[in-house]
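These numbers come from the heavy atoms of this one structure, side chains and all, not from hydrogens, waters or symmetry mates. What you see is a predicted model; the values in this text were computed from it and never measured. Note that ligands are numbered from 1 as they come in the structure, with each ligand's atoms numbered from 1 the same way.
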Amino acid sequence: MKKLFLSGVAALLGLATQVHAQSLGEFRFTPNAAISGFNTQHLNNVTPEACATTCRDVDHGAWCVSFDYYRASGQCDLSNKRAADVGGLKTDYAGNPYDHYSLSPAVNAPDPIPGKRHVLVIGIDGLRGDAVRCTGCANPPSLNALIDGGAFHSDMLAGGPQVTLSGPGWASNFTGYWAADHGVTSNDISQVLKKPHVFDLIKKVYPDATTAVVADWANLTQGLMPTGADFVSRNDAKNSQQATDVVKEWLSWDNAPTAIFYYLHNVDIHTCCYDPLNAVYQQKILDEDAQIAQVLDALVHRPDYANEDWLIVVASDHGGLNDNHGGQSASERDALFILNNTYGKPAAVPYCHGDLTSYPLTQIDGVTPHVLDFLGIANPTAGRKLPVCGVSSQ
Ligand SMILES: [Zn+2]
C-alpha cells in the first residue's frame, strides 16, 4: 500500500453519492503509475470523476494538484505534489493497481493560434464511409449537418500499405504516414508512434497551444497519443457519454483547448456486421451521432463562438466487412472523412465544400494535412491535403 508511510489528513469521506461536478477534463491521465508517497488525503468509494471533483473543490483546490486512483477498490489519494516535484512517477507497482491523474497547469490557457483557430477531431472507430449518404443507410442528423455545411469524402482509403486495423489506422490519421514510417503495425498496446502526432506538430510551432485527448481504447491514451498532450482522459469501455461529458467540459472553458481528439468506439462492432444497410450498424451510428449532437451543441454555445474559428474533422480508422476488418477489401478500406468549419455559422466561408469523393484521398492525406493547413502550419508529413480545401480560399 503506497500510503502507509505518510499519514497526511486521511479523512475517509464517503463520496460515492456525491454529485459530480465536471473537473476530470482538467487532468492528464497516466495509466499504471502513481506518485510514491506524498498522499495528503485518502478517499474511499469514489470514481475518478469524484476524486477530480474533490481535488478541485473549494476545500482542496488550494493545494490539490494530483491524485492516484486505485482501480480495483475505488479509492484515491489526493496529493499536493505533481510527479515533477518528486522525481517522477513510479511505474513498477506489482500488478499495476494505480492510475495517476495530474492537474494540468494549462487549464483555461488562451489559444495562441492567430484567428482563434481550433480543431475538434472526432474519431469514429469502424465507420465505413459508404454508411451515410446512401439510399437505405442510417440518417445521422449531426453528421449530415456537418456534411451539408462542409466537405465530405465517402471513401478515404485506409489500408493498402498496412493492415486495416485500428492501431495502424489511427496512427496514419494522426501522423500523415503509413506504418513503415509511423511504426504502428498492429493493435499491440506497446507500440508507440515513431512519427510526431499532429497535435505535437501544433505545439512545435505554438508551444502554448493546448491539446486534449479522450478515448476508451487504451492504445489511444498510451502509445498513440500526443506526447505533449495537456489533457488526457480515458473513459470506461464503450461509455461514450463519459467521453462526451469530458469534451463538453473542455468546451465550457472560456479558453478551450486548441486541439481536441474525441473518440467514439461503438460503431466498431465485431459481434455483428459492418454493413451500411444493417439495422444494428445503423443504430450504432445513430447512437454515436446523438453523442456528437451534444458536443456540437456545447460548441455553438461557447460565449465567443462567433469570433472563434473551429475546424471539425470527422474520420474513421477503417471500414469493415461482415464481422471483421484487417484485410484489404474495398469495404474494409473505406473510411469516412468530413471537414466543417461553418457549423452554426451559415454565413461563414467553408474551408472546403461538397462531396469530394471523386478526389483520390488516402488515410495519410486526411486528418493531419488538413489540421495543419487550417492552423497555418507547414506540413512536414507524407500526406497531402485535398487541392480544393484551403485557408487561402476563405
Ligand atoms: Zn478500429
Cation-pi between Arg128 and Tyr274: NZ/CZ under 6.0 Å from ring centre and within 45° of the ring axis?
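The answer is no, since Arg128 fails at least one limit relative to Tyr274.
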Within 45° cone of Phe374 ring axis and under 6.0 Å: Lys385 NZ or CZ:
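Relative to the ring axis of Phe374, which defines the angle, Lys385 lies outside at least one limit.
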Using ring centroids (six-membered ring only for Trp), state whether Tyr93 and Tyr98 fall under 6.0 Å.
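Centroid separation for Tyr98 and Tyr93: below 6.0 Å.
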Name of whichever N/O/S atom of Asp125 is nearest to the Zn ion (ligand 1)
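That would be atom OD1.
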Suppose we only allow N, O or S atoms; which atom of Asp317 ends up nearest to the Zn ion (ligand 1)?
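The Asp317 atom nearest to the Zn ion (ligand 1), restricting to N, O or S, is OD2.
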Before giving the answer on salt bridge (Lys or Arg N to Asp or Glu O under 4.0 Å), spell out for Lys116 and Asp111 the whole-Å C-alpha distance, their side-chain angles and the decisive distance to 0.1 Å.
CA-CA 6 Å; Lys116 297 187 175 182; Asp111 176 29; over 6 Å; no
Answer yes or no as to whether an N/O/S atom of His318 is found below 2.8 Å from the Zn ion (ligand 1).
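It does; at least one qualifying atom falls short of 2.8 Å.
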Got a sec: is Ser166 within less than 2.8 Å of the Zn ion (ligand 1) via an N/O/S atom?
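It does; at least one qualifying atom falls short of 2.8 Å.
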